[in-house]
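Please read these numbers as outputs of a predicted model, since none were measured by experiment.
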Amino acid sequence: MDESDEEIDRAIEAVGSADKIAVLTGAGMSVESGIAPFRGEGGLWEKFDAEEYATINTLHKNPEKSWELFKVQIEEVIDAEPHEGYDALVELEKKGVDEVITQNVDGLHEKAGSSDVLELHGTLLELSCIDCGNGFRTRDHFSDISEGKIPKCECGGIMRPDAALFGEQLDPSVMERSLYAARESDLMLVIGTSAVVQPAASLPSMAKRSGADILEINLDSTPLTQSISDIFLKGKAAKMLSYLVDEFD
Ligand code: NAD
Ligand code: ZN
């Protein structure tokens, strides 16, 4: 048995003995579903400068530029399918997972069937008009989007995805419920997040301060790994999560 087998055993034990498990996922959770993360190898920021494309200012001053990025993101997520790690989280609801908090905007937790998902950064699967606020399904406007056109509302206003841009407030009620879930949990699974984007990055330390253990799954170590993670499973989300549920079949 090597060190990682021992770490997996500790993880299985922690999941088995927890009553309330909160989950926080980041872009790394969806890499194996074919969706690029922001940071690191193959990340979107290799091609797009975040400051230039993904801010609320750019959307208002130069929407064509913002839509260059949105088009790439929407094309990636529209037909993406959740991998076995997503199914594992649905299975883990029987073991105490009651809240999945995600920074992702790809809708994959819902698609997999997780029942209580808090989308901290919103979703790319819905759009709204920046003038009148009317809401639309991204899929209904996908042919325009894939042709490089900016979808327009009947009122003449342009649409935008309901995903948070830099410089925007997150939905306060979703943030509040996430903080509550973090504080109430006795185990938090932190999966595929570089833990540098605030305020999501503060949820694990909030959970820890309220007495939760932190079980981190990531390909690489993060600022959390040496500071607050009690258990660190170094590897891909799909495989590591399926180890956790295999035990409880
Ligand atoms: P990030 O891009 O900053 O970091 C991704 C993390 O995932 C890294 O720590 C990396 O080591 C890890 N990782 C990569 N592949 C992995 C795998 N197969 N298994 C486990 N871990 C893996 O991601 P973040 O921390 O979520 O950054 C936050 C921002 O990125 C959020 O605002 C989110 O909205 C946005 N984002 C979302 C998506 C999506 O919805 N799928 C995609 C790109 C970016
Ligand atoms: Zn409108």
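Looking at Glu7 and Arg10, a side-chain N of the basic residue comes within less than 4.0 Å of a carboxylate O on the acidic one, giving a salt bridge. Between Lys65 and Asp49 no salt bridge is recorded (no basic side-chain N to carboxylate O distance below 4.0 Å). A salt bridge does not link Asp144 with Lys152: none of the charged nitrogens is closer than 4.0 Å to a carboxylate oxygen. Between Glu126 and Arg160 there is no salt bridge, since no side-chain N of the basic residue sits under 4.0 Å from a carboxylate O of the acidic one. With respect to Lys111 and Asp106, no salt bridge is recorded, no charged nitrogen being found less than 4.0 Å from a carboxylate O. Electrostatic pairing of Lys94 and Glu91 counts as a salt bridge here, judged by a charged N lying under 4.0 Å from a carboxylate O.
In this structure, Met29 and Asn104 have side chains that are in contact, with non-hydrogen atoms separated by less than 4.5 Å. Between Ile191 and Leu89 there is a side-chain heavy-atom pair separated by less than 4.5 Å. Contact annotation: the side chain of Phe48 never approaches that of Glu52 to less than 4.5 Å [non-hydrogen atoms, C-beta and beyond]. Inter-residue side-chain proximity for Pro161 and Thr123 is flagged as unmet; no heavy-atom pair is nearer than 4.5 Å. Between Val174 and Leu170 there is no side-chain heavy-atom pair separated by less than 4.5 Å. Side-chain contact check for Met188 versus Val23: every heavy-atom pair is 4.5 Å or farther apart. The side-chain heavy atoms of Thr102 and Leu120, taken from C-beta on, include no pair separated by under 4.5 Å. In this structure, Met159 and Ser128 have side chains that are not in contact, with every pair of non-hydrogen atoms separated by 4.5 Å or more.
Here the side chain of Arg39 pairs no donor or acceptor atom with the backbone of Ser194 at under 3.5 angstrom. For Asp186 (side chain) and Lys20 (main-chain N/O), a donor-acceptor pair under 3.5 Å exists by modelled atom type. For Asn134 (side chain) and Cys129 (main-chain N/O), no donor-acceptor pair under 3.5 Å exists by modelled atom type.
Partner of Phe38 under the side chain to side chain contact (heavy atoms under 4.5 Å, CB included) criterion, chosen from Val197, Val196, Leu44: Leu44. Evaluated for a side chain to side chain contact (heavy atoms under 4.5 Å, CB included) with Leu189, the options Leu92, Leu24, Ile231, Ile217 yield exactly one hit, Leu92.
Follow the hydrophobic side-chain contacts under 4.5 Å out from Ile101 and you reach Leu224 in the same cluster. Cluster membership for Ile130 and Leu124, using ILVMFWY side-chain heavy atoms within less than 4.5 angstrom, is shared. The same ILVMFWY cluster, assembled from side-chain heavy atoms under 4.5 Å apart, contains both Ile21 and Val245. Leu233 is not connected to Leu219 by any chain of hydrophobic side-chain contacts under 4.5 Å among Ile, Leu, Val, Met, Phe, Trp and Tyr, and they are in different clusters. Residues Met175 and Ile56 do not share a hydrophobic cluster, defined by chaining ILVMFWY side chains whose heavy atoms lie under 4.5 Å apart.
Taking CD1 of Ile150 as the reference point, atom NZ of Lys71 lies at 12.5 Å (rounded to 0.5 Å). From Glu68, atom CD reaches atom OH of Tyr53 across 4.5 Å, with rounding to the nearest 0.5 Å. Separation of atoms OH (Tyr243) and CG (Asp9) is listed at 11.5 Å; rounding is to 0.5 Å. If you take CD1 on Ile228 and CZ on Arg209, they are separated by 9.0 Å, rounding to the nearest 0.5 Å. Atom CD1 of Ile214 sits about 6.5 Å away from atom OG of Ser229, to the nearest 0.5 Å. Note that CD1 of Ile12 and OG of Ser17 are 12.0 Å apart. Values are rounded to the nearest 0.5 Å.
The two residues Thr222 and Thr193 have their closest heavy-atom pair at CG2-O, 3.6 Å. Looking at every heavy atom in both residues, Ser178 comes nearest to Leu118 through OG-CD1, 3.6 Å. Closest non-hydrogen pair, Gly107 versus Leu125, comes out as CA-CD1, 3.9 Å. Taking both residues in full, the closest heavy atoms of Gly42 and Ala36 are given as O-CB, 3.5 Å, listed atom of the first, atom of the second, then distance. Taking all atoms of both residues into account, the shortest heavy-atom contact from Pro204 to Val190 is CG-CG2, 3.9 Å. Listed here is the closest heavy atom pair of Asp213 and Asp230: CA-OD2, 3.3 Å.
Using a 3.5 Å distance cut-off with no hydrogens or angles, the side chains of Glu93 and Ser115 do pair a donor with an acceptor. In the model, Glu216 has a side-chain atom that pairs as donor or acceptor with a side-chain atom of Thr225 under 3.5 Å. There is no side-chain donor-acceptor pair under 3.5 Å between Tyr86 and Ser33.
Counted within 6.0 Å of CD on Glu168, heavy atoms from surrounding residues, nucleotides or ligands total more than 12; the atom is thus considered enclosed. At most 12 non-hydrogen atoms from other residues, nucleotides or ligands lie less than 6.0 angstrom from CD of Gln169. Under a cut-off of 6.0 angstrom, the local environment of CD in Glu147 is crowded, with over 12 non-hydrogen atoms contributed by other residues, nucleotides or ligands. Within 6.0 Å of atom NZ in Lys239, 12 or fewer heavy atoms from other residues, nucleotides or ligands are found, so the atom counts as exposed in its surroundings.
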Given Val100 and Asp116, is the side-chain contact (heavy atoms from CB on, under 4.5 Å) satisfied, shown in steps? CA-CA 6 Å; Val100 175; Asp116 217 339; over 6 Å; no
How far apart are the C-alpha atoms of Asp171 and Ser173, what are their side-chain angles, what is the distance that settles it, and do they pass the side-chain hydrogen bond (donor to acceptor under 3.5 Å, both in side chains) test? CA-CA 6 Å; Asp171 181 332; Ser173 70; 2.9 Å; yes
Going through the checks in order, is the side-chain hydrogen bond (donor to acceptor under 3.5 Å, both in side chains) test met by Thr55 and Thr58? CA-CA 5 Å; Thr55 67; Thr58 307; 2.9 Å; yes
Any chance you could lay out the side-chain contact (heavy atoms from CB on, under 4.5 Å) test for Glu119 and Glu110, step after step, and finish with the verdict? CA-CA 10 Å; Glu119 292 180 309; Glu110 272 98 347; 3.4 Å; yes
Evaluate the side-chain contact (heavy atoms from CB on, under 4.5 Å) criterion for residues Trp67 and Ile145: first the C-alpha distance (whole Å), next the side-chain angles of each, then the deciding distance (0.1 Å), finally the verdict. CA-CA 9 Å; Trp67 268 97; Ile145 294 168; 3.8 Å; yes
Determine whether Phe70 and Leu165 satisfy the following criterion, side-chain contact (heavy atoms from CB on, under 4.5 Å), listing intermediate values before the conclusion. CA-CA 11 Å; Phe70 299 157; Leu165 293 167; 3.8 Å; yes
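Taking the side chain to side chain donor-acceptor pair (under 3.5 Å) definition, one finds that Arg183 meets it with nothing, sequence neighbours left out.
Classification of the Phe166-Trp45 ring pair by plane angle, with boundaries at 30° and 60°, yields tilted.
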